[in-house]
Structure formats: C-alpha cells, structure tokens
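Scroll down for the structure; my scribbles are underneath it.
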There are 4 protein chains.
Amino acid sequence: MPQSTDTRYNHQRLAAIRSAAAVFADKGYHGASTADIAAHLGIKQGSLYYYFKSKEEALSEVCLLGIRDYVKRMSVIADSDQPFAAQLLATVSSHLMSYRETNEALKVYNDERLYLPEEKRTKLKTLGSRYRQQLEKIFEDARSAGVIRTTVDCHFAAQSVIGLCNSWGHLIVRDPELDVFILAQQCTDLVLQGVTAAQSN
Amino acid sequence: MPQSTDTRYNHQRLAAIRSAAAVFADKGYHGASTADIAAHLGIKQGSLYYYFKSKEEALSEVCLLGIRDYVKRMSVIADSDQPFAAQLLATVSSHLMSYRETNEALKVYNDERLYLPEEKRTKLKTLGSRYRQQLEKIFEDARSAGVIRTTVDCHFAAQSVIGLCNSWGHLIVRDPELDVFILAQQCTDLVLQGVTAAQSN
Amino acid sequence: MPQSTDTRYNHQRLAAIRSAAAVFADKGYHGASTADIAAHLGIKQGSLYYYFKSKEEALSEVCLLGIRDYVKRMSVIADSDQPFAAQLLATVSSHLMSYRETNEALKVYNDERLYLPEEKRTKLKTLGSRYRQQLEKIFEDARSAGVIRTTVDCHFAAQSVIGLCNSWGHLIVRDPELDVFILAQQCTDLVLQGVTAAQSN
Amino acid sequence: MPQSTDTRYNHQRLAAIRSAAAVFADKGYHGASTADIAAHLGIKQGSLYYYFKSKEEALSEVCLLGIRDYVKRMSVIADSDQPFAAQLLATVSSHLMSYRETNEALKVYNDERLYLPEEKRTKLKTLGSRYRQQLEKIFEDARSAGVIRTTVDCHFAAQSVIGLCNSWGHLIVRDPELDVFILAQQCTDLVLQGVTAAQSN
DNA sequence: AATGAATGAGAGTTCATTCAT
DNA sequence: TATGAATGAACTCTCATTCAT
C-alpha cells in the first residue's frame with residue numbers, strides 16, 4: 001500500500017483521478033467508460049486498475065478531490081474577521097474558482113455523487129453540509145449585526161448562493177472564456193443588492 | 001402506426017414518457033435501464049418498444065415534455081403587460097412549479113439532454129435559448145424603464161435566475177415537503193432586493 | 001418468476017443445468033467459461049443469463065441436482081428392512097449409478113462445491129452429512145446385530161465406502177464402457193469380505 | 001540459468017513449488033492466481049517468473065513433486081520380500097503419509113493434473129500407471145501364492161486401494177488432526193478382511 | 001397490445017505475463 | 001534477486017434491441 005508521500009505512484013494516481021474527473025464531467029459516471037479514462041491518461045484500459053480498485057473508487061476519489069480544498073477554504077473564510085460583504089465575495093470567488101482549478105471535479109461531485117454507495121456518500125455529505133452550515137452562519141451573524149434585513153431566511157439564502165454558484169460553475173466548465181473574477185463580483189452584487197434601482201426620495 | 005389523437009395508445013404512451021421521466025430523474029439516463037422504465041410502468045421490457053423506437057427516443061420525449069409547457073408559459077408571461085416584479089415572480093413560479101407538475105421531466109431536460117445526438121439537442125436548445133432570451137428581454141425592458149439599475153448585466157441576470165430556479169428545482173424533486181409558492185416568493189425577493197438592509201439616511 | 005411446473009422455461013433451464021454439469025465436470029468450475037456452457041447448450045453466451053443470475057448460481061444448481069436424488073434414495077435404503085449386505089449393495093449401486101444418470105453433476109458436487117459461498121455450501125453440506133450419517137447408522141445396526149465385527153469403526157467404514165464410490169465415480173464419468181453393476185458388486189464384495197482367502201482349518 | 005546444485009536459487013525454487021502446491025490445493029489451479037502464490041511465498045507477483053517460466057510450469061513441478069517420491073517408495077516396497085499384508089500396509093502408509101509430507105502436492109497431482117498439456121500429462125501418467133501396475137503385481141503375486149482369493153480382480157483391487165487412499169488423502173489435507181498411522185492400519189484391515197464377522201463353524 | 005426468448009455488443013474486472021530498473 | 005508498472009486477452013455480466021407468437 002502506497003504512502004501519501006511524493007512517490008511516482010502517487011503522482012500518477014493523482015493524474016488518473018484528474019483524468020477521471022475530466023471524463024466524468026464530460027460524459028457522466030455511467031456514460032463514461034474506463035477505457036475513456038485510460039485513454040485520457042494515455043494508458044491502456046486494464047492498467048487503470050493498478051491505480052483504482054474499481055470504477056466506483058475512481059468516482060469516490062474525484063468527489064473527494066472536488067470538495068476537499070473547497071471546504072477547507074470555506075473554513076478559513078468563516079473564521080476570518082472580514083465584514084459580511086467581503087466574506088460573501090470570498091466564498092463565491094472560492095466556489096467559482098474551484099470549478100476551474102480542480103479539473104471539473106466539483107461538477108462531478110455535484111452531479112454524480114449519488115451513484116456512490118450509501119457509506120461513501122454520507123461521508124461526503126457531511127463535508128458538504130458543513131460547508132452550507134458555515135455559510136448559513138455567516139448570514140446569521142450578518143443578520144444579527146443588522147447588516148442584512150431581519151426578514152432574510154438564512155437557510156434559504158445560503159442554499160441559494162450555493163445553487164447560484166453551482167449553476168454558473170457548470171457554465172464555467174463548458175466555457176473556458178468566462179472570467180471567474182468578474183462573475184464572482186456580479187453574483188455577490190446580485191445577492192447583496194438585488195437588481196432593483198435605488199428608490200430616490 | 002397510431003395517430004396523435006386521443007386514442008388509448010396515446011394515453012399509454014404519455015404514461016410511458018412519464019415513467020421514463022421518473023426513472024431518468026432518479027438514476028440518470030445511462031444509469032437507468034429499459035427494464036427499469038418498463039417495471040415502473042408495469043409492463044415487460046420488450047413491450048416498451050411498442051411506444052418508443054429506442055431508449056434515446058424516450059429521452060428525447062421526456063426532454064420535450066420537460067420544457068414544452070414551461071417555454072409556452074414564458075411566452076405568455078413575456079407578452080403580458082404586467083410590471084417587472086410581477087413578471088419575474090410569474091417566471092420563477094412557473095419554473096419551480098414545472099419541477100412538480102411534469103414528473104421530474106424538467107430535471108431530466110437539464111441533466112441528461114447532453115446525451116441526445118446533436119440534431120435533437122440543438123432543436124431543444126433553440127427552445128431553451130428562446131426561454132432565456134425572453135427572460136433577458138424582460139430585464140432589458142425593466143432597465144430601460146428605470147425599474148432596475150442601469151449597471152445590471154441582463155444576460156447575467158437572466159442566466160442567474162434560471163440557474164437559481166434549476167438548483168432549487170433539484171431540491172424540489174427530492175423533497176416533496178418544500179412549498180413551491182413560498183420558495184418562488186423568496187427567490188424573487190432575493191433577485192429584486194438582495195439581502196442588504198435598507199440604508200437609513 | 002417461473003413456477004416449478006412444466007413450462008418451456010423450466011424445461012430449458014434444466015437443460016442448462018445439465019450443460020453446466022457436463023462442462024464443469026470436464027474443465028472444473030474456474031476452468032470452464034460461461035461461453036463453454038452456452039455452446040454446449042446451443043445458445044449464445046449472454047443468453048445463459050436468462051436462466052441463471054450468475055455463473056455461481058449455475059454451480060449451485062448443478063450441485064443440488066448432483067445430490068438431491070442420491071440423498072433421497074439413500075433415505076429409502078436406510079428405511080428399508082433389507083439385510084445389511086443388501087443395503088450396502090443398494091447404497092453402492094445407487095451411488096455409482098448417480099455418476100451415470102445425473103450428467104456428471106455428482107462429480108461436480110464433490111470437486112467444485114468448495115467454490116460456493118459459505119451460505120450455499122453449508123446448505124449442501126447438511127444434505128451430504130445426512131447421507132454419511134445414514135450410512136454410518138446402517139453399519140452400526142449391523143454391528144449391533146453381530147453381522148460385522150465389533151472392532152469395525154463405523155465412521156471410518158462409512159467414509160471409506162463413500163470415498164471408494166467417489167473415486168470409482170470419477171473413472172465412470174471418464175470411461176463410458178465401465179459396467180456400473182459389476183463394479184457395484186465388486187466394491188460391495190471388497191468391503192464385505194476383503195481380499196483375504198478363507199482360512200481353511 | 002542456474003544449475004540444479006544446492007544453490008540458494010534451488011532452495012528458493014523449491015519453496016516456490018511448495019507455495020504453489022499449497023495454493024493450488026486450496027483454490028485449485030484456475031482458482032489460484034500467481035499473485036496468491038507469490039503472496040504465500042512472501043514475494044511480489046512478477047518475481048515468481050524468476051522461478052517459473054509460466055503458471056503451468058509451476059503446476060507441472062508441483063505434480064512432479066507430488067508423485068516422485070511416492071512412486072519411488074512404491075518401487076522399494078514392490079521389490080521387497082515382505083509378505084503381502086506387510087506390503088499392502090506399507091503402500092497405504094506411504095500413500096497417506098505423502099499427503100502430509102509434500103505440502104498437499106499429491107492432492108494437486110490428483111485433482112489438477114488434467115489442466116496440463118497432453119505432453120506433460122502423459123509423462124506424469126506413465127509414473128502414475130507404473131504405480132498402479134506395481135500395486136497390481138503385488139496383488140497378483142499374492143493371488144498366485146494363495147494368500148488372497150482367486151476370484152479377486154487384481155486390477156479392480158489396486159485401483160480401489162488407490163482410490164481409497166486418495167479419498168482419505170483429501171480429508172487428511174483438510175483435517176490436521178487425523179492420525180495417519182491409525183488410518184493406514186484401518187484401511188489395510190478393511191481391504192484385507194472386509195467388515196464381515198468371522199463365520200463361526 | 002404485449003410477451004418470452006434470444007441476441008450481440010460492450011461494459012467492468014481479473015490476471016498471466018513482460019520488462020526496464 | 002526482486003520489483004513496479006504496464007499490457008492485452010479473456011472472462012463474467014448487463015442491456016438495448018428484435019421478433020415470432
């Protein structure tokens with residue numbers, strides 16, 4: 001069993017996970033064949049099994065890759081002392097950036113994790129839930145501080161931000177021209193101000 | 001070959017499409033087997049082919065069912081003389097309701113249409129684009145009328161509304177307890193006002 | 001799910017079991033491919049799965065076929081009132097005949113049952129053990145009646161008879177010329193009298 | 001290529017053969033993988049090929065190991081001047097002991113040799129046949145000498161003794177508690193005297 | 001209008017084998 | 001002497017599809 005050190009094996013294995021992420025993102029878990037993944041990595045089909053016990057393990061690893069760092073960054077943001085608007089922008093930026101950085105793994109986490117067996121899925125779900133709860137907490141703190149309206153449903157708001165980011169994430173993956181920073185700014189603005197013009201009176 | 005009148009055949013065929021929608025929504029296109037669909041409908045696998053030429057045709061029909069009415073209603077909304085806020089609420093309501101009404105077909109349209117061949121996909125895409133354009137137009141008109149800020153990017157706004165509705169739609173399909181009307185109100189509010197508290201000066 | 005009546009399905013399924021028995025007997029469980037079995041039956045490989053859920057189920061059914069009748073006949077013999085010598089001859093005859101009748105299924109039961117999962121194996125083992133116990137009982141009764149020597153270890157004797165029959169069974173399967181009736185007579189004689197010449201004094 | 005002297009290589013090679021014997025005996029030739037054998041020996045899969053040209057060669061060596069000494073001992077017994085009963089006991093003892101001594105190799109020879117190619121199999125068969133013929137000769141001599149009944153079929157008797165020993169051998173391999181000496185005595189007794197009580201007149 | 005039976009292509013997976021190091 | 005990495009063929013199994021009935 002390989003260590004998590006910097007061996008050649010681990011290097012190649014990570015490459016394999018990234019290949020799986022790309023292919024799963026493109027064709028979906030069931031639509032993608034192990035031959036597709038192997039071809040993307042430049043090896044033969046059977047050789048994949050030197051790195052994965054099964055196709056399912058590949059999916060599992062991709063999902064983990066997809067949310068690990070992204071959840072970690074959310075913790076950093078939640079623990080910071082920045083004002084609400086800055087935290088929100090940071091969250092959205094981090095979320096959208098993840099779609100670029102992790103080779104579509106986050107998309108795979110969102111769309112394909114349901115094909116994992118219960119056990120692995122709940123483990124991932126725990127991570128995902130923590131993310132939402134931390135975002136929710138940010139909203140609640142802002143509401144307590146009077147920064148946002150008292151009528152705002154924080155659960156709804158957090159879920160909406162996540163949903164908004166995810167739906168843009170799909171477009172980001174498909175369209176490499178999209179500017180993630182501008183988009184993050186726009187999304188944050190929308191959530192903060194809405195679209196309505198300021199009442200002038 | 002049966003006519004498209006109100007025969008028993010057409011009745012059963014619609015039931016078959018709905019079964020396909022339910023199964024595709026649950027397991028994805030590739031994850032679902034024709035046997036699953038048949039079982040959901042209460043017939044045997046081979047008998048499905050009396051209603052569909054192929055599994056792909058089933059997907060195609062489901063996607064069509066998923067957006068037809070929903071696009072139609074958008075046209076009605078776009079053509080109406082209601083004020084912007086009312087149009088937006090109507091759009092969101094219609095969108096979210098579709099997830100309930102059409103037996104998960106809209107979810108299938110969103111998640112699985114990419115598995116259709118070019119030809120059929122572009123045909124659907126046309127419908128989907130029209131939807132977005134009409135929504136975009138609503139935003140543009142509102143901007144011209146000074147109802148929303150001039151800095152609002154209408155393409156971005158329309159896409160965001162659609163994304164927001166779709167991400168909530170996924171939750172709606174999985175959670176039958178969610179109240180679609182309240183949700184529509186909340187989404188509209190978010191887009192209109194954002195979350196920021198009113199500046200008191 | 002098919003009934004155990006005389007449907008076409010059950011007829012074909014039995015034929016499939018017999019084919020599996022023949023092929024397993026010839027090449028062993030792991031050495032035989034499902035393609036081999038299908039070819040022996042005159043259908044295509046994939047079609048086998050219309051009759052079996054898995055290759056393992058095929059093995060399981062073959063093993064069952066292999067001992068079912070054979071165990072049943074032993075019960076009849078054990079319950080009869082015949083003298084010991086007649087019972088022994090009947091047992092040996094029945095045992096050897098099974099190798100001819102059941103299309104090598106008994107050989108498969110002996111050699112390949114260890115590849116079944118625990119659960120199914122123990123179920124079969126119960127049947128097999130009953131067989132040995134009944135035979136052992138026959139020896140014990142004979143010993144009590146003074147028909148055989150008091151020094152005879154009945155467990156050893158029963159196991160030896162079974163082993164003798166099984167080893168001849170292997171030869172019977174491979175050599176269609178062997179006369180089972182003569183063989184049964186010889187085996188019984190050996191066990192009854194041994195080879196030693198009568199002491200003449 | 002190493003010599004057949006007492007090098008470290010030959011030492012390890014013998015260990016490899018014994019590992020193969022153990023694994024083949026446990027899982028069968030086709031059920032066992034080269035990885036299993038390597039693991040049993042404490043090396044990695046690929047390294048096995050330093051000792052064997054192929055998996056088949058491993059089987060071939062195991063079979064040879066299984067019968068070589070056993071056949072040799074039979075020759076010694078056959079050439080000796082002992083009385084029939086002593087020869088028979090010696091034969092049975094030697095046969096049963098082989099199951100203990102040679103690491104299950106004799107079991108492998110019996111059960112798996114059929115997977116060898118014609119050429120190698122016939123070579124082994126020659127050895128095996130010689131064994132049976134020598135045993136047959138022992139019976140024939142005893143019959144000529146009037147030690148055993150004239151009605152005894154010597155071919156049948158020799159085959160039966162071998163079969164009896166092999167079937168007990170299987171049990172010996174699986175059950176380390178079985179006392180081989182007692183068993184040899186019992187088997188010999190059975191063949192000599194049968195089970196029938198002495199006629200008292 | 002529906003079914004039972006079969007098919008064949010393709011999937012995931014295993015594994016004996018090779019070879020540079 | 002042994003290993004890590006890779007390969008390709010074979011295998012079990014699934015499934016969309018067909019068709020006689």
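Just the heavy atoms: all of them, side chains too, but no hydrogens, waters or symmetry mates, feed the values below. In what follows, chains are A, B, ... by sequence order, proteins preceding strands, each numbered from 1. These numbers were taken from a predicted model, which means no experiment stands behind them.
Put simply, CD on B:Glu57 is 10 Å from P on F:dT17, counting in whole angstrom units. Distance, C:Tyr9 OH to E:dA5 P: 8 Å, rounded to whole Å. Rounded to whole angstrom, the span from the CZ atom of D:Arg13 across to the C1' atom of F:dA2 amounts to 17 Å. Between the NZ atom of B:Lys27 and the P atom of F:dT14 there is a distance of 13 Å, given to the nearest Å. The CG atom of A:Leu48 sits 10 Å away from the P atom of E:dG12 (whole-angstrom rounding). We find that NZ of A:Lys55 is positioned 21 Å from P of F:dT12, with the value rounded to whole Å. The nearest whole Å value for the distance from the CZ atom in B:Phe52 to the P atom in E:dA1 is 14 Å. As rounded to whole Å, 9 Å separates atom P of F:dT17 from atom NZ of B:Lys53.
Judged purely by atom type and a 3.5 angstrom limit, D:Tyr29 has no side-chain atom pairing as donor or acceptor with the backbone of C:Gly31. The backbone N or O of A:Glu118 lies less than 3.5 Å from a partner atom in the side chain of A:Thr122, making a donor-acceptor pair.
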inquiry  = For C:Asp111 and C:His170: C-alpha separation, side-chain torsions, deciding distance, then whether side-chain hydrogen bond (donor to acceptor under 3.5 Å, both in side chains) applies.
reply    = CA-CA 10 Å; C:Asp111 294 351; C:His170 279 62; 2.8 Å; yes

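Exactly one residue among C:Arg68, C:Lys55, C:Arg13 makes a salt bridge (Lys or Arg N to Asp or Glu O under 4.0 Å) with C:Glu61. That residue is C:Arg13.
Each of D:Tyr29 and B:Ile43 lies near DNA chain E, and the nucleotide nearest B:Ile43 is the one positioned closer to the 5' end. Residues A:Gly46 and C:Glu56 each lie close to DNA chain F; by heavy-atom proximity, the contact nearer the 5' end of the strand is made by A:Gly46. Of the two residues contacting DNA chain F, namely C:Asp36 and D:Gln12, the nearest-nucleotide position lying further toward the 5' end is that of D:Gln12.
Comparing E:dA1, E:dA16, F:dT12 by their closest approach to the side chain of D:Tyr49 singles out E:dA16. Checking E:dG12, F:dT17, E:dA5 against the side-chain heavy atoms of B:Ser54 singles out F:dT17 as nearest.
Shown here are the side-chain hydrogen bond (donor to acceptor under 3.5 Å, both in side chains) partners of B:Arg174, two or more places apart in sequence or in another chain: there are none.
With no hydrogens or angles considered, a side-chain donor-acceptor pair links D:Tyr99 and D:Asn110 at under 3.5 Å.
Of the side-chain N and O atoms in C:Thr34, one or more sit less than 4.0 angstrom from OP1 or OP2 of F:dT12. An OP1 or OP2 oxygen of E:dA6 is reached within less than 4.0 angstrom by a side-chain nitrogen or oxygen of C:Arg8. Within the 4.0 Å cut-off from OP1 or OP2 of E:dA6, not a single side-chain nitrogen or oxygen of C:Lys44 is found. Close to E:dA1, at under 4.0 Å from its OP1 or OP2, lies a side-chain N or O of B:Tyr50. Between D:Ser47 and F:dT1 there is no side-chain polar atom (N or O) within less than 4.0 angstrom of OP1 or OP2.
Across all strands shown, B:Ala32 has heavy atoms under 4.0 Å from sugar-phosphate atoms exclusively, and none from any base. Backbone-only engagement by C:Tyr51 is indicated by non-hydrogen atom pairs under 4.0 Å involving sugar-phosphate atoms exclusively.
For DNA chain E, each stem of at least three Watson-Crick or G-U pairs (distances under 3.5 Å) is given as range with range: E:2-21 with F:2-21.
Note on D:Glu112 versus D:Lys107: no salt bridge recorded, every NZ/NE/NH1/NH2 to OD/OE distance being 4.0 Å or above.
Between D:Gly66 and D:Ala105, the closest heavy-atom pair is CA-CB, 3.6 Å.
For C:Gln45 against F:dC13, a side-chain-to-base donor-acceptor contact under 3.5 Å is present.
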